[in-house]
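Values reported hereafter were calculated over all heavy atoms of this structure, with side chains retained and with hydrogens, waters and symmetry mates removed. Numbers restart at 1 for each chain; the letters A, B, ... are given by sequence-line order, proteins then strands.
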Amino acid sequence: MIDIKQLRENPQRFIDGAAEKNISVDITTLIDLDEQRRLFTRQREEHRAEQKKISKEIGPQIGKLKGLLKSAGEEERAEFETTLAELEAKPVALKNEIQRLDDSVAQIESKWKALLLQIPQPADPDVPRGTSADDNVQLRTWNPKSYDLNQSFAENRGFEPKTHIELLHALELADFERGVKMSGTRHYMMTGNGMRLHQAMLRFAFDLITNEHGFTPMSVPVILREECMVGTGFFPTGREQAYHIEESQRGAGHDLFLAGTGEVGLMGMYADEILPGNKLPIKMATVSTCFRREAGAAGRDTAGLYRIHQFDKVEQVVICKADEAESRSWHKRMLSIVEELLQKLELPYRLLQCCTADLGSKNADMIDIECWMPGRGELDANERPQGDWGETHSASRLYDYQCRRLNTRYRDEEGNTVFAHSLNNTVLASPRILIPLIEMHQQKDGSVAVPACLQPYMNGLQVLEACTATTTA
RNA sequence: GGACAGGUGGCCGAGCGGCUGAAGGCACCGGUUUGCUAAACCGGCGUACUGGUUAUACCGGUACCGCGGGUUCGAAUCCCGCCCUGUCCGCCA
């Protein structure tokens, strides 16, 4: 959520910010509603103050009269009733007026809140302006010494690559048909060594981030209340991307939603809290199952492990003090952890500075990491893919946008409560990361070499071969 | 799932429908005293919005006693719905 005070002071910044992100929101209406809300709220407060004052003056008198009324005789009764009516006339008039203002404020406020939640965080000035993902800017690439990105896979390795789908089938690492049979399109199963590899990847990444980089290991709920989804900024805009468990239909008090990332649980845990300043920065990592409906992606990446409804992800999150320099430095550090990971896995990658159009509404800045996937991309004359980059990681910098929504604050040195800054980044998402892994490490004989860093997590296995697969027939 | 009990400030805990933003205690901060520490004593100590002003200093107003609604001139206190917690029973990885 943006700071409404900043919007009042400089609406143009937010109008431009939304336009640059290609997000259409009615900021003029929000400003109108904001003014009305403040006006009516102030009037209501003035009336209430008056009411309280009167109440204190005549309240006890009313109470006393009502008491006397009970034991009063006929003549006295009439007199008391008249006095009572006189005393009550003014507060009753006030009460009606307050009731009217209450209704106005409630009505305005719900529209105001709904709009406010939709206003995107403007991108930072150093984020390239753009109209689509095509305008993202490549920052740098990395490749192992043995792989020249300017040459084709065949030129590098001396044989034509298979796609990950072909490799998964041949080595019996995954079963798409039965996954689809049970759950429908975009579902799959990892089988035998495929599952071992999947787990090895996750554990390797989790150990790296927690043991080597001091992030606190966490398990988090992946079934969450709507407040968490709104608080973390995934709702209302991304509502159709989340699976919705309509428990209220069965009589429960609230619905639940499946998280699309562990970030929801990690950030949600500190909602409505004021943290002691010395607790920051909070560095946490979780490994969790992620669920995405992939609404609007019909027809895209339908085959293989690229775009699926359920996967597992190691996620890193940092909650730090409200300091731009500190935020920016954490962003870099989180990215460098991923670079270390990918280098250990010997996977070529590139860093992409996302342009304004690709940021999403909550981010001030986002850097994606894409791995080279030889089995992806346009088909050549022989109907074989030419290879392409595929997104495997995404590092977001949000300033206080998320903490403001979540109401996560900390107490600074002067004792003030301040909204914290938050950042998040993928450490590793699997099975998507298995695409570059098995495509890049495939060998001429159709086997796949297991990178050294994963071997301890694979019972020491060095090569995945067809005959080593121990899966169901 | 069934039966009870209960949700009050950082924590514990009191609270007759008006004098309660809320007693008391603990913790914390400042001060006095003090060889040091401790103790004792004095003072301070919630969040948010909003106005006086341009200001995180100061003064005022409003709201907040799980959440939402209702009764009332007036609600922490009465009523209704929901959420959550605890205990017992049942079921269960």
Which atoms of nucleotides 81-85 of chain B (N or O only) lie under 3.5 Å from a protein N or O atom, and what are those distances?
residue: B/C83; atom: OP1; partner: A/Gly253; partner atom: N; Å: 2.6

Euclidean distance for [atom1], [N] against [M] (whole angstrom):
| N | M | atom1 | answer |
| --- | --- | --- | --- |
| B/C26 | B/A39 | P | 11 Å |
| B/U62 | B/C19 | P | 13 Å |
| B/A76 | B/U71 | P | 16 Å |
| B/G15 | B/G21 | C1' | 13 Å |
| B/U32 | B/C84 | C1' | 46 Å |
| B/G60 | B/G74 | C1' | 23 Å |
| B/A57 | B/U47 | P | 12 Å |
| B/U56 | B/G51 | P | 12 Å |

Report the base-pairing partner of [N] (Watson-Crick or G-U wobble, both distances below 3.5 angstrom), or none.
| N | result |
| --- | --- |
| B/U77 | none |
| B/C92 | none |
| B/G46 | B/C64 |
| B/C4 | B/G86 |
| B/G10 | B/C26 |
| B/U32 | B/A40 |
| B/A57 | none |
| B/G17 | none |

[X] [atom1] to [N] [atom2], straight-line distance once rounded to whole Å:
| X | N | atom1 | atom2 | answer |
| --- | --- | --- | --- | --- |
| A/Gln99 | B/U72 | CD | P | 11 Å |
| A/His47 | B/C73 | NE2 | C1' | 15 Å |
| A/Arg411 | B/A27 | CZ | C1' | 14 Å |
| A/Asp102 | B/U72 | CG | P | 15 Å |

Test item: side-chain donor near acceptor, A/Gln199 and A/Asp312, under 3.5 Å
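Checked: A/Gln199/A/Asp312 side chains show no N/O donor-acceptor pair below 3.5 Å.
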Is the closest side-chain donor-acceptor distance between A/Thr426 and A/Lys313 under 3.5 Å?
no
Atom pairs and distances, donor-acceptor, side-chain atoms in residues 9-20 of chain A, under 3.5 Å, two or more places apart:
residue: A/Asn10; atom: OD1; partner: A/Arg13; partner atom: N; Å: 3.4
residue: A/Gln12; atom: NE2; partner: A/Asp16; partner atom: OD1; Å: 2.9
residue: A/Arg13; atom: NH1; partner: A/Gln6; partner atom: OE1; Å: 3.0
residue: A/Glu20; atom: OE1; partner: A/Arg129; partner atom: NH1; Å: 2.4
residue: A/Glu20; atom: OE2; partner: A/Arg129; partner atom: NH1; Å: 3.0

Identify all side-chain donor-acceptor contacts of residues 317-327 of chain A below 3.5 Å with residues at least two apart in sequence or on another chain.
residue: A/Asp323; atom: OD2; partner: A/Ala325; partner atom: N; Å: 3.2
residue: A/Asp323; atom: OD2; partner: A/Glu326; partner atom: N; Å: 2.7
residue: A/Glu324; atom: OE2; partner: A/Arg328; partner atom: NE; Å: 2.8
residue: A/Glu324; atom: OE2; partner: A/Arg328; partner atom: NH2; Å: 3.1
residue: A/Glu324; atom: OE2; partner: A/Tyr399; partner atom: OH; Å: 3.2
residue: A/Glu326; atom: OE2; partner: A/Trp330; partner atom: NE1; Å: 3.4
residue: A/Ser327; atom: OG; partner: A/His421; partner atom: ND1; Å: 2.8

Pairwise ring pair (Phe, Tyr, Trp, His ring centres under 6.0 Å) hits with a residue in residues 168-215 of chain A, at least two apart:
A/His187-A/His309
For residues 105-115 of chain A, run the donor-acceptor check on the side chains, cut-off 3.5 Å, and write out each pair with its distance to 0.1 Å, sequence neighbours left out.
residue: A/Glu109; atom: OE2; partner: A/Arg37; partner atom: NH1; Å: 2.7
residue: A/Ser110; atom: OG; partner: A/Gln107; partner atom: O; Å: 3.2
residue: A/Trp112; atom: NE1; partner: A/Asp34; partner atom: OD1; Å: 3.1

For A/Phe235, the ring pair (Phe, Tyr, Trp, His ring centres under 6.0 Å) test, sequence neighbours excluded, returns A/Phe257
Between the protein and nucleotides 7-9 of chain B, list every N/O to N/O distance that falls short of 3.5 Å.
none

Hits for salt bridge (charged side-chain N to carboxylate O under 4.0 Å, His left out) against A/Asp368, two or more places apart or cross-chain, chain-then-number order -> none
For A/Arg203, give me all partners under salt bridge (charged side-chain N to carboxylate O under 4.0 Å, His left out), at least two apart in sequence or on another chain.
A/Asp207
Using side-chain hydrogen bond (donor to acceptor under 3.5 Å, both in side chains) as the criterion, list what pairs up with A/Gln316, not counting sequence neighbours.
none
With A/Arg48 via side-chain hydrogen bond (donor to acceptor under 3.5 Å, both in side chains) - residues at least two apart:
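Expected list: A/Asp102.
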Sugar-phosphate or base contact per nucleotide [nucleotides 48-64 of chain B; S, B, -; heavy atom under 4.0 Å]:
S-SS----S----BBS-
Are any side-chain N or O atoms of A/Ser396 and backbone N or O atoms of A/Asn424, one a donor and one an acceptor, separated by less than 3.5 Å?
no
Report yes if the side chains of A/Arg196 and A/Asn459 come closer than 4.5 Å at any heavy-atom pair, otherwise no.
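Sidechains of A/Asn459 and A/Arg196: in contact.
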